[in-house]
Amino acid sequence: MIAFVSGPVAALAPDSAVVEVGGIGIAVQCTPNTLSGLRMGGQTKLATSLVVREDSLTLYGFVDDDERQVFELLQTASGVGPRLAQAMLAVHTPDALRRAVSTGDEKALIAVPGIGKRGAQKLLLELKGRLGEPVGAPGIGAPVTHGWRDQLHAALIGLGYATREADEAVAAVTPQAEAAEGTPQVGHLLKAALQTLNRAR
């Protein structure tokens, strides 16, 4: 198993990065939050989980071992594959997921694309006791509400857009972010921002 990759960032895309390891470019699937911390040419170290299928080998990358562990634990629930597990971590931090499961918060899981009410209820039952207790303070996720602009801007710069383009894209999706209930989801906003940039070109 590949536990981590470390090296310069050779390429960035909306859902993945290429890290150069020993002269080889290794493609790693990442959440927007993870990608927002990467810079072209900058050094990085990502915890990784290798998912083996009959027709593919896919490496998923995370900011730390805790996020990777939660990613793998989520897949112990029936019906949860790597894509859905990654989507859950794109919307919520590991601690937010632990709190949602420990408190039976259906709404938090329904906020993840691909999870409906019945699916959320089933996941809460199956995951209870598997993810452990939250390790941070109850309000640890609160600053994200105010930091989504910085995260989104950094992700766009990392993808190679000019500062002016990133500024305009952030401004374009601000009404959508402010209209959302709770914490704005950077992954959804990044997709919307990329669409506005593509239309502008």
Side-chain angles (χ1 to χ4, degrees), residues 5-20 25-48 58-64 67 70-71 82-97 100 107-115 136 139-201:
V5 294
S6 178
V9 178
L12 286 167
D15 60 355
S16 64
V18 175
V19 180
E20 185 180 334
I26 297 182
V28 187
Q29 298 291 311
C30 304
T31 65
N33 289 340
T34 300
L35 291 169
S36 69
L38 305 181
R39 297 290 176 273
M40 283 289 293
Q43 290 289 321
T44 189
K45 181 178 180 180
L46 297 174
T48 56
T58 307
L59 200 61
Y60 291 83
F62 310 93
V63 291
D64 55 30
E67 195 172 57
V70 170
F71 170 79
R83 287 288 182 186
L84 184 56
Q86 189 181 47
M88 293 169 78
L89 285 165
V91 174
H92 299 296
T93 63
D95 254 8
L97 284 171
K107 287 186 178 178
L109 295 187
I110 292 171
V112 178
I115 298 180
I140 198 164
V144 177
T145 305
H146 305 290
W148 68 264
R149 288 182 179 83
D150 292 336
Q151 288 185 354
L152 180 58
H153 195 275
L156 291 167
I157 296 295
L159 290 171
Y161 288 97
T163 301
R164 180 184 59 79
E165 290 178 308
D167 289 341
E168 290 174 356
V170 170
V173 300
T174 293
Q176 177 183 333
E178 292 178 346
E181 290 185 17
T183 302
Q185 297 172 17
V186 177
H188 292 174
L189 296 175
L190 179 59
K191 289 178 183 176
L194 290 170
Q195 287 174 352
T196 65
L197 287 165
N198 289 337
R199 283 198 295 267
R201 288 188 164 181

J.: With Gln29, which residues qualify under side chain to side chain donor-acceptor pair (under 3.5 Å), at least two apart?
T.: Arg83
J.: Could you pull out all residues at least two apart from Phe62 that satisfy ring-ring contact (aromatic ring centres under 6.0 Å, His included)?
T.: Phe71
J.: Nearest 0.5 Å, please: how far is CG in Leu46 from OG1 in Thr44?
T.: 4.0 Å
J.: Can you sort out the partners of Ser36 under side chain to side chain donor-acceptor pair (under 3.5 Å), two or more places apart, ordered by chain and number?
T.: none
J.: Going from CG on Leu38 to OG on Ser16, what distance comes out if it is rounded to the nearest 0.5 angstrom?
T.: 10.5 Å
J.: Identify, with sequence neighbours excluded, every residue that meets side chain to side chain contact (heavy atoms under 4.5 Å, CB included) alongside Lys45.
T.: Phe4, Ser6
J.: Quick one, Asn33 and Thr93 - any side-chain contact, counting heavy atoms below 4.5 Å?
T.: no
J.: Starting at OG1 of Thr196, measure out to CD of Glu168 and round the result to the nearest 0.5 Å.
T.: 9.0 Å
J.: List in chain and number order the residues that pass side chain to side chain contact (heavy atoms under 4.5 Å, CB included) with Ala192, two or more places apart in sequence or in another chain; answer none if no residue qualifies.
T.: Val173, Gln176
J.: Drop me the distance from Leu35's CG to Leu12's CG, to the nearest 0.5 angstrom.
T.: 6.5 Å
J.: To the nearest 0.5 Å, tell me how far Leu59 CG sits from Thr48 OG1.
T.: 4.5 Å
J.: Do Val70 and Met88 have side-chain heavy atoms sitting under 4.5 Å apart?
T.: no
J.: So which heavy atom on Ala172 is nearest to which on Pro175, and how close?
T.: O-CD, 3.6 Å
J.: Where is the tightest heavy-atom contact between Ala96 and His92, given as atom of each residue plus distance?
T.: CB-CB, 3.9 Å
J.: Could I get the full list of side chain to side chain donor-acceptor pair (under 3.5 Å) partners for Asp15, not counting sequence neighbours?
T.: none
J.: Can you name the side chain to side chain contact (heavy atoms under 4.5 Å, CB included) partners of Val63, sequence neighbours left out?
T.: Thr34, Glu67
J.: Among all residues two or more places apart in sequence or in another chain, which pass the side chain to side chain contact (heavy atoms under 4.5 Å, CB included) test with Ala90?
T.: Thr31, Pro32
